[in-house]
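Following: one structure in structure tokens, then a few remarks.
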Amino acid sequence: MILVLKRLFICSIGAGLILPFLIVAGVSVNSASNISFPPQELSMQWYTQLLTEPDWLLPIRNSLIIAFFAGLIAVTIALAANYVLWRLKSGFGKLVFGLGLGPFMLPPIIIAMGASVFWAEMGWYGRAEATVISHGVFFVTLPLVIIARGFAALSDDVIEASRTMGATPWQTFIKVIFPLVLPYAITGYALVAIISVNEYLISYMVSGFAVETLPIRIFNNVRYGYTPVVASAAMGFALLTIGTLLVLSMFTDLLKLLGASRD
Amino acid sequence: MGDPIMKGKAVPHMIGLFPLGMMSLFFLAPLAFMVVVSFYERDPLGFYKVAFVWDNYSKFFSSFYYVISLRSLWSASLGAVIVVLLAFPAMYIIVDMSRRWQLFWVILLLSLMCLSEVIIGFAWLILFSENSGIPKFLGWAGLWEDPRSLSPSFGAMMVGYVTLGFSLVALMFLPQLARRDRSIEEAALTLGTPPMRVFSKVILPNFKAGLISALVTMFVYFLGVFVMPTMLGRPQDWNMTVIITDKAVGDANMPLGAALSVVMLIFTLIIIGSLAYASRTREQGERS
């Protein structure tokens, strides 16, 4: 009885999480020019439109470029902060690490509002660089926490062995420490890039309509009358997200990286 | 013995200046600017005029903002409670599945966590619409005589909240639940305690701190969501975030938007501070 209830509960949760995407997928391959489900006649025309019309291509390009650089910024900050905490284990290390946790503790609107005012004051309001830096700094918490697991898993014996064999501190970092934390850094990078691609509020508050990203484009389309191209755009990015995570799971131990098994 | 990696601590300190500088400049400074701008005056021809006025804050105490604030608190609290009530037992079941199924769930949850609010909102918008989703299906199945669109509504907005927060909370519980000591539960089950009783009397109390932390995290997160209320909610369901965005960007009234954000920031800091204080007091109590 308990087993049946458990299965029923978990299947309902799974259905609730998957169902919306099945519907969007169905709408995106429907040939009808209005949003309707189930599809009457299958067609890829909305995907073709998505990948050929500049109105959609430009936001896609903007989103990808912003995500690429935001991921680099976030992982660089996270790596440096973790290294400092691991090496110093002092108040300074904790301060640097704690600052990185800050953005995750505040409602997104506060972060977005602060960024908006700051970039307006700096004269960078409406520039893609402002969105890149804001995304890089505000999503730093994810790689910070994930890379921390990598540093926690470092064995003192390996470091000691490297030193005993005559490696310089720099060589030890490059040849021993970095390769060991690299899977964690890659996972952190991928997550920041994916979240940045899909982020709406900060992009909108920092760049407004000057740098239109895909979520801004989709939101505006939904709000002011939409076509099935929106569904193909939503589905395209959902598939990109799932695809990236599947690739990641093939090359890394996702369960371990997320703390589901002991390091 | 010397230092295992580098002699002295100058190099790590210098490396630490990079994240410290970046976070101070692009995280703390924007918050400080926001506080400063909240005292400025609106400039219809630009962003704002430098001034020192309390007008923006006094507006918060008008009934309009007061009501919206209470509404934001209500929807964020309700959303947080529902998400935690669903995510905790779900993850409790998932961590005991085979490795392959665990991986499936983790990828599903990560995918959902990474997806845009906009895409999730859009998906539910279709599901709730009269022509495509649940109402049409219920009409076709003969369960609803006069099917109508289920959104915008408070219920639709809550569904959006739950979809948005579920993956985050479930993934927060993953390490704690997966690495828990199962021997106590096994002992209770061996002694004949029903599984539901083991869950409520053994597991839940053990994860009290984690549950409270997840509740607060979700509450704070839901205070700041924008897309779900605007996409799935009615205007009377809109939260403070929608109003802040509307004032700051729509009406180009940055000072008012900043003041309302500062109020929200203070409120959030009080919650986080109280939680930290409560957990410290509890730890001290347990130690003594």
Side-chain angles (χ1 to χ4, degrees), chain A residues 2 6 10 13 17 20-21 23-24 27 35-37 77 80-81 83-84 87-88 92 96 99-100 102-103 105-110 113-115 117-118 120-121 133 137 159-160 163 169 172 194-195 198 200-201 215 218-219 222 230 234 237-238 241-242 245-246 249 254-255 258-260 262, chain B residues 4-6 9 12-13 15-16 18-20 22-23 26-27 29-31 33-34 37 47 86 90 93 102-103 106-108 110-112 114-119 122-124 126-127 131-133 171 174-175 178-179 195 220 223-224 226-227 231 241 244 248 254 257-258 261 264-265 268 272:
Chain A
I2 290 289
K6 271 185 180 179
I10 206 72
I13 294 279
L17 300 181
F21 303 104
I23 302 288
V24 177
V27 171
I35 302 272
S36 63
F37 187 88
I77 296 173
Y83 178 74
V84 173
R87 281 286 290 111
L88 296 180
F92 181 70
V96 171
L99 262 180
M105 294 178 179
L106 300 178
I109 182 63
I110 293 176
M113 189 69 221
V117 169
F118 178 77
E121 194 70 23
I133 296 172
V137 168
I159 312 295
E160 190 60 36
R163 197 182 74 92
T172 305
I194 292 169
I195 291 177
N198 287 300
Y200 173 81
L201 196 55
I218 294 175
F219 185 77
V222 172
V230 182
F237 265 68
T241 301
I242 295 165
L245 289 167
L246 280 174
S249 72
L254 263 184
L255 290 175
L258 293 170
R262 295 192 190 282
Chain B
I5 298 172
M6 294 181 190
K9 294 184 173 174
H13 272 106
I15 291 172
F18 169 67
L20 185 69
M22 288 293 282
M23 296 311 291
F26 300 115
F27 171 55
L31 295 181
F33 266 100
M34 188 176 78
V37 169
F47 283 113
L86 290 175
I93 296 170
Q102 279 188 53
L103 199 59
V106 163
I107 292 175
L108 175 65
L110 275 175
S111 306
L112 200 70
C114 295
L115 275 182
S116 175
E117 257 187 280
V118 175
I119 294 174
F122 176 63
W124 279 113
I126 296 173
L127 259 173
N131 298 327
S132 318
L171 288 170
L174 174 68
R179 296 162 77 161
V220 169
L223 273 183
F226 170 78
V227 174
M231 255 189 181
T241 297
I244 291 173
M254 283 261 194
S261 301
M264 196 188 272
L265 176 66
T268 308
I272 293 170

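So that the names make sense, note that chain A is the first sequence line, chain B the second, and so on, each numbered from 1.
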Option that, when pairs with chain B are counted at under 4.5 Å, heavy atom only, ranks first among A/Ala120, A/Pro103, A/Gly102: A/Pro103
Taking all non-hydrogen atoms of both residues, which atom of B/Ala248 and which atom of B/Gly257 are closest, and how far apart? CB-CA, 4.3 Å
Once the angle between the rings of A/Phe219 and A/Tyr200 is folded into 0 to 90°, is it parallel (under 30°), tilted (30 to 60°) or perpendicular (over 60°)? tilted
State, to 0.1 Å, how close A/Gly100 and B/Met23 come at their nearest heavy-atom pair, and which atoms those are. CA-CE, 4.0 Å
Under a 4.5 Å cutoff for heavy-atom pairs, which residue among B/Val37, B/Ile93, B/Leu174 has the most contacts with chain A? B/Ile93
Counting heavy-atom pairs under 4.5 Å with chain B, the top scorer among A/Leu106, A/Val96, A/Thr241, A/Ile218 is A/Leu106
So for B/Phe27, is it side chain, backbone, both, or neither that comes closer than 4.5 Å to the heavy atoms of chain A? both
What part of A/Val27 lies closer than 4.5 angstrom to a heavy atom of chain B: side chain, backbone, both or neither? side chain
What part of A/Ala115 gets closer than 4.5 Å to chain B, counting heavy atoms only: side chain, backbone, both or neither? backbone
Closest non-hydrogen atom pair between A/Met113 and B/Ser261, with its separation: CG-OG, 3.1 Å
Using a cut-off of under 4.5 Å for heavy-atom pairs, which of B/Thr268, B/Ile244, B/Leu115 has the most such pairs with chain A? B/Leu115
For B/Val220, which atoms come within 4.5 Å of any heavy atom of chain A: side chain, backbone, both, or neither? both
B/Ile15 and A/Arg87, any side-chain heavy atoms less than 4.5 Å apart: no
Does any backbone or side-chain atom of B/Leu108 lie under 4.5 Å from a heavy atom of chain A? Answer side chain, backbone, both or neither. side chain
Picking from B/Pro195, B/Cys114, B/Gly16, B/Ala123, which has the most non-hydrogen pairs under 4.5 angstrom with chain A? B/Cys114
Report the option among A/Ile242, A/Leu88, A/Leu254, A/Leu246 that has the most heavy-atom pairs separated by less than 4.5 Å from atoms of chain B. A/Leu88
Need one label for B/Leu86: side chain, backbone, both or neither, based on atoms under 4.5 Å from any heavy atom in chain A. both
Applying a strict 4.5 Å limit to non-hydrogen atoms, the region of A/Leu258 in contact with chain B is both
Relative to chain A, which of B/Ser111, B/Ala29, B/Ala178 shows the most heavy atom pairs under 4.5 Å? B/Ser111
Which of parallel (below 30°), tilted (30 to 60°) and perpendicular (above 60°) describes B/His13 and A/Phe92? tilted
B/Met231 vs B/Val118, test: side chain to side chain contact (heavy atoms under 4.5 Å, CB included). Steps then yes/no. CA-CA 8 Å; B/Met231 255 189 181; B/Val118 175; 3.9 Å; yes
Side chain from CB out, backbone as N, CA, C, O: work out which of these in B/Thr241 comes under 4.5 Å of a heavy atom of chain A, or both, or neither. both
Is B/Ile107 in contact with chain A via its backbone, its side chain, both, or neither, using a 4.5 Å heavy-atom distance? both
Under 4.5 Å to a heavy atom of chain B? For A/Ile133 that would be side chain
To check you understand the geometry: which heavy-atom pair defines the closest contact between A/Pro215 and B/Ser116, and what is its length? CB-OG, 3.9 Å
Heavy-atom pairs under 4.5 Å with chain B - which of A/Ile195, A/Ile23, A/Val24, A/Val137 has more of them than the others? A/Val137
Please flag which part of B/Ile272 lies under 4.5 Å from any non-hydrogen atom of chain A: side chain, backbone, both or neither. side chain
What part of B/Leu110 is in contact with chain A, defined as an atom under 4.5 angstrom from a non-hydrogen atom: side chain, backbone, both or neither? both
Distance check, rounded to the nearest 0.5 Å: B/Ile126 atom CD1 versus A/Phe21 atom CZ? 11.0 Å
